[in-house]
There are 4 protein chains.
Amino acid sequence: MDHSDIEPSHGGRGEEQETRERILAAASQLMAKKGYKGATTRKISQLAGVNEVTIFRHFKNKEAILEELLKGILDIRQQLENHLHGEFSELKEILLRYARGYYTMLVERKEVLLICMIEADNHPEVIKLFSSVPMTAVEVLCNKLQEFQDQGHLPKGDACAAALMFVSTFFYAFMAKHRVNLNPEFQEEQLFEDATNILMHGITGITNSHR
Amino acid sequence: MDHSDIEPSHGGRGEEQETRERILAAASQLMAKKGYKGATTRKISQLAGVNEVTIFRHFKNKEAILEELLKGILDIRQQLENHLHGEFSELKEILLRYARGYYTMLVERKEVLLICMIEADNHPEVIKLFSSVPMTAVEVLCNKLQEFQDQGHLPKGDACAAALMFVSTFFYAFMAKHRVNLNPEFQEEQLFEDATNILMHGITGITNSHR
Amino acid sequence: MDHSDIEPSHGGRGEEQETRERILAAASQLMAKKGYKGATTRKISQLAGVNEVTIFRHFKNKEAILEELLKGILDIRQQLENHLHGEFSELKEILLRYARGYYTMLVERKEVLLICMIEADNHPEVIKLFSSVPMTAVEVLCNKLQEFQDQGHLPKGDACAAALMFVSTFFYAFMAKHRVNLNPEFQEEQLFEDATNILMHGITGITNSHR
Amino acid sequence: MDHSDIEPSHGGRGEEQETRERILAAASQLMAKKGYKGATTRKISQLAGVNEVTIFRHFKNKEAILEELLKGILDIRQQLENHLHGEFSELKEILLRYARGYYTMLVERKEVLLICMIEADNHPEVIKLFSSVPMTAVEVLCNKLQEFQDQGHLPKGDACAAALMFVSTFFYAFMAKHRVNLNPEFQEEQLFEDATNILMHGITGITNSHR
DNA sequence: AATGAATGAGAATTCATTCAT
DNA sequence: TATGAATGAATTCTCATTCAT
């Protein structure tokens, strides 16, 4: 689970920034802003504070940097499911926790997610990785809601649509804030609560209105 | 300012205009897929079926093509408001109409929106244009909901958050379908209905739970 | 036979040096001297008097230049056979003509042959082309000698070894003069005569001494 | 681990010497195949099984490796002359011995000779070294033949042309086999005999036909 | 109005070599 | 002594753009 044993860190906590890590960080930052092509090796090297050629001592080619970055997306299902433990009586808390957890995951993977979005058509392997994040989030939440439905706590209804709405809200919020820098003073916490409230009423009152 | 002279080609003048349109269409298609840099003038010219240099007879430079494309986003507020006419008793129909209308607008502006998203950091003027679309959609819907609240039809609550959720849902659906090609067999109409139902219950039952 | 009709020459005789031809000539010259790698596109462009990028407007890549050059080697069998027409009574004249003709062909293909030799291991397709020249020369001459043997004009013996010696002599002379610049005052015509004399006596007196 | 059959490694000194030899061997092999430029220090180090930088501890620079390799060509005149001892009555045996000896010398110096040929234009000092081998071979043989002419055993004639033919034959055979991999099943011994026979008849019957 | 030829700026990448350990 | 990290120079090639026709 913990990758910190790949390279024993001499200082306390990644203090000694390895060249390789600096290159990855610079590349990730630039690619998320400028796209794969816009993040030239020259710019990456300058931002990383290394010589341009040094990049190629650490990575076979530019593509390999991207591949390395993409590895950071994996394995979110377990984390997401952990946020959902709890009884129906705690539904509001559960949903709030899920909202916060999902949004945090997006922000933590900010650069890679943006890269994926930007490069979706140029690097096809990226699409699956990228879409897996919200898809998994919808799926996991939908399962939980259906569980509550099966237990009779919630009226039957399209739990998946509800989950999709919930997840979409935070996905859009994430995009608005981190891609477009819309509403820099945007209050996430308030949105978590409002969206949770709306969802709760929305699903509680659902009557099986769809085919 | 006004491009309304899209006329059938009669003589040299119309032909020239048509060439220009073909270049714009090709550029828009390619930039939406490959990004601004990935859409090389060579590829644009090939897709448009013209000589590469012809591009520069119609546009000062590549940047000018992008600028021209961006003009297509303007003025959506009026259209959106048109979808919202109606009494509270027709709320469901209103919301459905709004969902369809908004989603259709996104799809109609598909390429330009994707370009904006991809190039957000490279062409700063793009950000405002891009974000204006969902922002306006949220704002317009929020106003209507607050109108209903003021009329006593709806309980007080954060109508903006509700509007945001609604709009976000379709924004994400649009992205998933047109950027990531997720769920190509995706049923939009079903989502419109489900989301409308959830929203209606969500806002109907809102109690002023925050602030 | 005559390739001058590929491009109608406006002047008298290839006066208007096409850019493409200039690039090919420069590349051929440099590659024959410096090898494929040593003939950098920069050097080629300078020698051809064009911009470096112009090379890539005329050839897909550097390799394509080499491929174009290699096409010049083809079809030597017919030419070689033409030199061999004649009766046994004219043997000396025939051999002299053959020697001159073969050597001339080598010199005419000088650059390409040297390139082939230099790049034999780096560009495998080159080997066949290169070796085809002396091989064909040996084969064609050997056939003629065996014809004379069959007609009883020459004693049976290994005509192929004789042909090989003859051809080798001029191949080495060619190499010595054009690769190594050995003996710049070297008298080819004298060698043609001497080698012809030696060969004639050598084969005339051959007794079937080999297994 | 133990390469002690080249130079018995006793302690650091022999090991160092052995490393040096491995580098030389690798460089010679690669340069003969790929040329000076094609034999990158990286490839050399890999083939030699040493670190790339180690090369520069043993040689000032890449050029110095080549210079070291070229030293191996020297002093062939004595060896060649040794093959020619004998009376005229043994002419055939003498020539056969000479052919074998010369060809063997070529093969033994295979890599360096090929390097010289490939790099003739890039490293001018190479030309003299390279051409010295066949030139010496022709000269030594020519001297012997003229000796026999002076003794009246052979008719007067251009002994040098004869020597050149003889030597050329094996030079070409060497090239064909080791540069171009032509005729891998090529039978050298047969060629030695055939060429010797032809030469013997050729020179025995020479009439002073020129000058 | 449209095209073919040409080009300067800059991209990724390789190579021989140096430095510090 | 040997090595891992780093680098300046150079290489092939792409791209947007201009020029002459």
Side-chain angles (χ1 to χ4, degrees), chain A residues 18-20 22-23 36-45 48-65, chain B residues 11-13 15-20 23 36-45 48-65, chain C residues 18-20 23 36-45 48-65, chain D residues 11-13 15-17 19-20 23 36-45 48-65:
Chain A
E18 288 294 340
T19 302
R20 179 188 165 88
R22 286 219 310 282
I23 293 170
Y36 181 80
K37 294 202 174 177
T40 67
T41 53
R42 172 182 268 242
K43 282 182 192 154
I44 293 172
S45 71
V50 302
N51 182 281
E52 197 174 355
V53 187
T54 299
I55 292 176
F56 296 95
R57 298 239 349 145
H58 289 270
F59 301 92
K60 191 187 158 227
N61 50 29
K62 199 180 157 185
E63 186 75 20
I65 303 181
Chain B
R13 196 56 177 272
E15 219 178 315
E16 186 182 346
Q17 191 60 26
E18 195 221 330
T19 300
R20 183 188 163 86
I23 293 170
Y36 181 80
K37 295 204 173 180
T40 66
T41 52
R42 173 181 262 241
K43 282 182 192 154
I44 293 172
S45 71
V50 304
N51 183 283
E52 198 174 354
V53 189
T54 301
I55 293 175
F56 295 94
R57 302 226 14 121
H58 288 270
F59 301 92
K60 189 190 158 218
N61 52 27
K62 198 181 160 187
E63 186 73 21
I65 303 181
Chain C
E18 287 296 338
T19 302
R20 181 188 164 88
I23 293 170
Y36 182 80
K37 295 200 174 180
T40 67
T41 53
R42 173 182 268 242
K43 282 181 192 155
I44 293 173
S45 71
V50 301
N51 183 282
E52 196 173 356
V53 187
T54 300
I55 292 175
F56 295 96
R57 297 240 349 145
H58 289 270
F59 301 92
K60 190 185 158 229
N61 50 29
K62 198 179 158 186
E63 186 74 21
I65 303 180
Chain D
R13 197 56 178 270
E15 219 178 313
E16 185 181 347
Q17 190 60 26
T19 299
R20 183 188 164 86
I23 293 170
Y36 181 79
K37 295 203 173 182
T40 66
T41 53
R42 172 181 262 242
K43 282 181 192 156
I44 293 172
S45 70
V50 303
N51 183 282
E52 198 174 355
V53 189
T54 302
I55 292 175
F56 295 93
R57 304 235 4 131
H58 288 271
F59 302 91
K60 187 191 160 217
N61 52 26
K62 199 179 158 186
E63 187 73 22
I65 304 180

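Note that the structure is predicted; figures quoted are calculated from it, not measured. Naming: A, B, ... by sequence-line order, numbering from 1 per chain.
- Within the 4.0 Å cut-off from OP1 or OP2 of E:dA6, at least one side-chain nitrogen or oxygen of C:H58 is found.
- Following rounding to the nearest Å, A:F59 (CZ) and F:dA6 (C1') show an atom-to-atom distance of 15 Å.
- With a 4.5 Å cut-off on side-chain heavy atoms, B:Y36 and A:K37 do not count as touching.
- In this structure, B:I65 places its CD1 atom 11 Å from C1' of F:dA16, rounding to the nearest Å.
- Sequence order on DNA chain F of the closest nucleotides to C:Y36 and A:V53 puts A:V53 first from the 5' end.
- When each of E:dT7, F:dG4, F:dA2 is scored by its nearest atom to the side-chain atoms of D:T54, the top-ranked nucleotide is F:dA2.
- The 5' end of DNA chain E is approached more closely, in terms of each residue's nearest nucleotide, by B:V50 than by the other of A:A39 and B:V50.
- D:F56 has its CZ atom 15 Å from the P atom of F:dG4, to the nearest Å.
- Note: CG (A:N61) to C1' (F:dT12) measures 16 Å, nearest angstrom.
- For the pair D:N51 CG and E:dT17 C1', the computed distance is 13 Å after rounding to whole Å.
- Straight-line distance from the NZ atom of D:K60 to the P atom of E:dT17: 9 Å, rounded to whole Å.
- The two residues B:T40 and B:K62 make their nearest non-hydrogen contact at CA-NZ, 4.4 Å.
- For C:E52, the listed nucleotide lying nearest its side chain is F:dC13; candidates were E:dA2, E:dA12, F:dC13.
- Spacing between atom CD of A:E63 and atom P of E:dA11 amounts to 18 Å, rounded to whole angstrom units.
- Note: NZ (C:K37) to P (E:dC15) measures 6 Å, nearest angstrom.
- Side-chain N/O atoms of D:T41 include none lying less than 4.0 angstrom from OP1 or OP2 on E:dC15.
- Here CD1 of B:I55 is found 11.5 Å from OG1 of B:T19. Values are rounded to the nearest 0.5 Å.
- E:dA1: no Watson-Crick or G-U partner with both key distances under 3.5 Å is found in any strand.
- Judged by Watson-Crick or G-U wobble contacts below 3.5 Å, the nucleotide F:dA9 has E:dT14 as its partner.
- How far CD of B:E52 is from OG1 of B:T54: 9.5 Å, rounded to the nearest 0.5 Å.
- Between F:dA16, F:dT3, F:dG8, one nucleotide has an atom nearer to the side chain of B:K62 than all others, and that is F:dA16.
- Pairing for E:dT21 is with F:dA2, a Watson-Crick or G-U wobble pair whose two hydrogen-bonding atom distances lie under 3.5 Å.
- Backbone-only contact: C:T40 has heavy atoms under 4.0 Å from sugar-phosphate atoms and none from a base.
- Between C:R57 and E:dA6, a side-chain N or O to OP1/OP2 separation shorter than 4.0 Å is absent.
- Nearest-nucleotide assignment on DNA chain F puts the 5′-proximal partner with A:G49, out of B:R42 and A:G49.
- How far CD1 of B:I65 is from CZ of B:R20: 9.5 Å, rounded to the nearest 0.5 Å.
- Note that CD1 of C:I23 is 10.5 Å distant from CD of C:E18, once rounded to the nearest 0.5 Å.
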